[in-house]
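Beneath this line is the structure, given in structure tokens, with notes to follow.
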Protein chains: 4
Amino acid sequence: MNEKTMTRSQERRREDIVRAALEVFDRDGFEGARIDDVAAEAAVAKGTVYLYFKNKEALLEGVIHGVVKPAVAAVEEAAADTDMSAADRLRRQIGVIGKRLGEGQMNVILRLMIAEGPKYDELRRFYFREIVNPGMQAIGRCLADGEASGEFRPGTGQLHPQVFAGTAIMAAVWRILFDDLRPLDLDALLRDHLDTVLDGISA
Amino acid sequence: MNEKTMTRSQERRREDIVRAALEVFDRDGFEGARIDDVAAEAAVAKGTVYLYFKNKEALLEGVIHGVVKPAVAAVEEAAADTDMSAADRLRRQIGVIGKRLGEGQMNVILRLMIAEGPKYDELRRFYFREIVNPGMQAIGRCLADGEASGEFRPGTGQLHPQVFAGTAIMAAVWRILFDDLRPLDLDALLRDHLDTVLDGISA
Amino acid sequence: MNEKTMTRSQERRREDIVRAALEVFDRDGFEGARIDDVAAEAAVAKGTVYLYFKNKEALLEGVIHGVVKPAVAAVEEAAADTDMSAADRLRRQIGVIGKRLGEGQMNVILRLMIAEGPKYDELRRFYFREIVNPGMQAIGRCLADGEASGEFRPGTGQLHPQVFAGTAIMAAVWRILFDDLRPLDLDALLRDHLDTVLDGISA
Amino acid sequence: MNEKTMTRSQERRREDIVRAALEVFDRDGFEGARIDDVAAEAAVAKGTVYLYFKNKEALLEGVIHGVVKPAVAAVEEAAADTDMSAADRLRRQIGVIGKRLGEGQMNVILRLMIAEGPKYDELRRFYFREIVNPGMQAIGRCLADGEASGEFRPGTGQLHPQVFAGTAIMAAVWRILFDDLRPLDLDALLRDHLDTVLDGISA
DNA sequence: GATGAATGAGGGTTCATTCAT
DNA sequence: GATGAATGAACCCTCATTCAT
């Protein structure tokens with residue numbers, strides 16, 4: 001099945017399988033997931049999965065790419081908005097990252113990456129290159145711009161961007177592990193975080 | 001094998017197995033780990049593993065307990081030190097968490113928890129109860145005490161403790177996934193983080 | 001697809017498929033051959049193969065028939081030549097068998113027959129009836145005629161024809177298995193064989 | 001499972017599996033054989049087969065080695081007997097080969113070699129090196145010795161040994177394919193063959 | 001008729017767990 | 001208690017065959 005020559009209905013089928021795989025991976029983890037279940041969830045025969053993905057690892061890639069690619073667009077779009085103040089840009093940037101990670105699909109991707117990434121080098125590189133690095137750089141630019149404009153105090157541009165993204169990661173991990181034990185108010189958390197760190201860097 | 005009636009050498013044996021399992025789980029993940037490999041690494045026969053742990057899940061528990069229990073002590077110890085200023089206590093608290101998560105065994109535990117936690121409820125509860133919740137509470141106490149003493153600005157006691165722990169989690173995840181692609185200076189990162197958030201909450 | 005009502009181009013298509021199958025069976029064996037590969041080799045779609053052959057076994061039959069039928073004609077033609085001396089007729093007969101088996105397509109057929117024959121009874125019967133038995137009888141007639149005419153010593157007519165065909169079979173098997181390890185000079189081998197056995201039976 | 005450190009009962013188990021595999025391979029061919037059936041025939045669990053053979057190919061090797069090795073001894077023993085006349089030595093040599101190939105296990109091996117040999121290079125080389133080449137050389141020595149002693153006519157030493165082994169191969173193939181359609185009297189065939197070729201080369 | 005995507009039974013292999021020694 | 005051979009359920013993947021277009 002050539003990816004370039006897929007018909008409309010084939011593309012839909014491929015998406016069905018990716019969607020099903022995401023769901024099953026979320027429920028059972030990657031190793032624990034059975035292709036049988038993915039197929040059933042996608043309402044296709046087991047063999048059909050292998051028409052679209054050459055093996056289970058390719059399916060994992062498909063799932064991760066499927067979620068990461070649109071997210072890249074969102075991060076880029078947030079970064080492109082350069083009219084606002086540095087603080088507002090930072091708020092927006094962190095907000096986008098936090099929302100994606102704290103809820104929905106990117107949450108599952110993070111879990112898959114942490115669980116399976118160490119075994120699949122190319123996947124780790126892809127994830128770093130496409131989304132993590134650009135995200136860190138976007139934050140870094142906000143910091144540098146804010147310092148340059150005098151909005152943030154001197155030295156802010158040198159801070160690790162991870163300081164500003166950490167809470168979003170924490171929220172994601174919390175959601176994966178403890179959401180039923182102690183639910184987290186994502187918006188309030190991100191607000192606390194931003195208020196605190198922005199106060200910490202404001203001139 | 002009753003845990004109460006173990007001889008000295010049996011306890012040592014058990015520890016060998018736990019140590020070996022931690023190593024193999026770190027290398028291959030929990031699902032990817034073979035009991036054969038754990039046994040070989042511990043220099044015992046495969047059947048012996050089952051004398052000390054009734055199945056693979058129990059071995060996972062053993063590994064996690066083995067790392068978490070001493071860490072609990074460290075967190076408690078850090079929290080007990082109430083002579084210092086709130087800021088110093090917070091620095092110390094975050095430092096302990098960050099060091100444990102950013103390097104060494106707790107890093108592996110976090111990965112195991114994120115990967116397998118959703119499948120093993122009791123483990124998640126244990127992890128939350130024993131280490132996460134106490135850690136969050138210890139941070140919360142620092143914040144409340146600092147606010148009460150006027151060291152931190154009003155409202156600080158209401159902030160989510162996750163704001164202060166997030167960077168440590170981020171460091172752990174980074175170490176798991178990207179350490180070879182972009183190494184992280186853990187000390188510098190934690191310093192950036194603490195400087196920023198402490199500035200953000202200081203009165 | 002009724003074999004009687006095929007158009008010219010359909011017949012050509014069928015032959016293409018048979019030719020392709022012979023090639024793939026030669027390369028991968030019958031069990032190892034994939035219908036996909038046969039179709040690709042014949043430059044038709046996979047489904048098309050099933051328009052001409054109801055299943056893989058029928059394709060095997062088609063391949064074997066396709067090679068055996070013309071060979072039958074050759075054996076018959078060689079047998080029909082009754083003008084020559086018995087020795088010359090025998091030489092010719094063995095030569096035809098040896099050439100067919102030692103090189104080219106009949107070689108592949110022999111391999112397929114030995115590998116798959118035991119599983120496909122009808123095929124074995126066909127092969128025996130159409131080519132093996134007639135071949136043995138043709139040799140037997142040469143021997144009997146030569147004995148009757150005094151050209152061969154008494155008793156020659158009672159000898160097993162297999163004695164005279166064995167070297168050709170050996171050559172075929174050798175070619176299948178050891179051609180790269182120790183190439184065989186087919187003509188020289190057959191000459192040695194004929195010289196020896198003819199000396200052995202000459203009056 | 002280390003082959004050197006096997007206990008008596010493990011060796012017996014291994015032999016059981018090899019024996020079972022030979023039987024199933026004989027019945028269904030190598031590709032058609034299911035490990036399940038081999039295990040059942042050997043009265044062990046499927047997994048046990050994999051304790052003794054790392055995969056199906058290794059099992060095929062085990063089967064072939066198991067039959068070829070004792071046969072090598074027989075060929076060597078027959079070749080060692082240098083007291084007899086060249087003709088008797090040749091009779092004996094051909095007899096040993098013919099018996100082995102015409103009946104019993106070597107027959108199955110030949111079928112397996114012809115069917116699967118082309119796919120398993122190492123197996124072909126092993127078979128050639130261990131049994132075919134030594135067999136051909138043993139025959140060649142008989143011929144050369146007989147010529148040297150004047151027992152055989154000049155030039156006999158130059159003849160292809162395959163001329164003398166061919167009928168045995170033919171018998172084997174016949175037995176594989178046509179034994180039910182036209183049974184072969186192996187002893188009579190070999191006698192015919194030897195009488196004929198020995199007459200053909202006698203001085 | 002021709003196509004090739006879809007199907008799903010089947011089989012090789014792995015590995016957690018058991019148990020006889 | 002310690003061992004490691006034995007077990008068999010489970011699962012990924014292949015590929016002959018079908019069938020909607």
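Just so it is clear, the values below take in all heavy atoms, side chains as well, and ignore hydrogens, waters and symmetry mates. Chain letters run A, B, ... following the sequence lines, proteins first, then strands; residues in each count from 1.
- At a threshold of 4.5 Å between non-hydrogen side-chain atoms, the residues Val67(C) and Val18(C) do not count as touching.
- Taking every heavy atom of both residues into account, Val49(A) and Ile17(A) meet most closely at CA-CD1, 4.1 Å.
- Residue pairs meeting the side-chain hydrogen bond (donor to acceptor under 3.5 Å, both in side chains) criterion with at least one partner in residues 47-58 of chain A, sequence neighbours excluded, do not occur; the list is empty.
- The side-chain hydrogen bond (donor to acceptor under 3.5 Å, both in side chains) test applied to Glu31(A) returns Lys119(A), not counting sequence neighbours.
- Applying the side-chain hydrogen bond (donor to acceptor under 3.5 Å, both in side chains) rule to pairs touching residues 105-116 of chain B yields nothing, sequence neighbours excluded.
- The side chain of Lys56(A) lies closest to dC13(F) when the candidates are dT3(E), dT17(F), dC13(F).
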- Task: Please step through side chain to side chain contact (heavy atoms under 4.5 Å, CB included) for the pair Val68(D) and Phe126(D), ending with a clear verdict.
- Result: CA-CA 9 Å; Val68(D) 166; Phe126(D) 167 83; 3.9 Å; yes
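- Using a 4.5 Å cut-off on side-chain heavy atoms (C-beta onward), Arg14(B) and Glu11(B) make no contact.
- Taking a pair as Watson-Crick or G-U wobble with both distances under 3.5 Å, the runs of three or more consecutive pairs in DNA chain E are E:2-21 with F:2-21.
- Not counting sequence neighbours, Arg12(B) has no partner by the side-chain hydrogen bond (donor to acceptor under 3.5 Å, both in side chains) test.
- Contact check of residues 23-37 of chain A against DNA chain F (heavy atom, cut-off under 4.0 Å) returns Ala33(A), Arg34(A), Ile35(A).
- For the pair Glu130(B) (side chain) and Tyr127(B) (backbone), a donor-acceptor distance under 3.5 Å is absent.
- The stretch residues 114-124 of chain A does not touch DNA chain E, since none of its heavy atoms comes less than 4.0 Å from the strand.
- The side-chain contact (heavy atoms from CB on, under 4.5 Å) check on Ala21(A) picks up Phe25(A), Val38(A), Leu59(A), Val63(A), with sequence neighbours excluded.
- Picking from dT3(E), dA9(F), dA5(F) the nucleotide with the shortest atom distance to the side chain of Ala45(C) gives dT3(E).
- Judged as a side-chain hydrogen bond (donor to acceptor under 3.5 Å, both in side chains), the pairs with a partner in residues 17-30 of chain C (not counting sequence neighbours) are, in order, Asp16(C)-Arg19(C).
- The side chain of Arg13(C) contributes no N or O atom lying less than 4.0 Å from OP1 or OP2 of dG1(E).
- The residue among Ala43(D) and Ser9(B) whose nearest nucleotide of DNA chain F is located toward the 5' end is Ser9(B).
- The distance between atom CE of Met6(A) and atom P of dA6(E), rounded to the nearest whole Å, is 10 Å.
- As rounded to whole Å, 15 Å separates atom P of dA5(E) from atom CZ of Arg14(A).
- Of the possible donor and acceptor atoms, one in the side chain of Arg124(D) sits under 3.5 Å from a partner among the backbone N and O of Leu177(C).
- Non-hydrogen atoms lying under 4.0 Å from DNA chain F are contributed by Tyr50(A), Asn55(A), all within residues 48-55 of chain A.
- The base of dT13(E) is paired with the side chain of Lys46(D) by a donor and an acceptor separated by under 3.5 Å.
- Applying the side-chain contact (heavy atoms from CB on, under 4.5 Å) test to Arg125(A) and every residue at least two apart in sequence or in another chain returns Asp121(A), Glu122(A), Asp180(B), Leu181(B).
- With sequence neighbours excluded, no residue satisfies salt bridge (charged side-chain N to carboxylate O under 4.0 Å, His left out) with Glu61(A).
- Residue whose closest nucleotide on DNA chain E sits further toward the 5' end, between Gly47(D) and Gly47(C): Gly47(C).
- Between the P atom of dA5(F) and the CZ atom of Arg12(D) lies a distance of 16 Å, rounded to the nearest Å.
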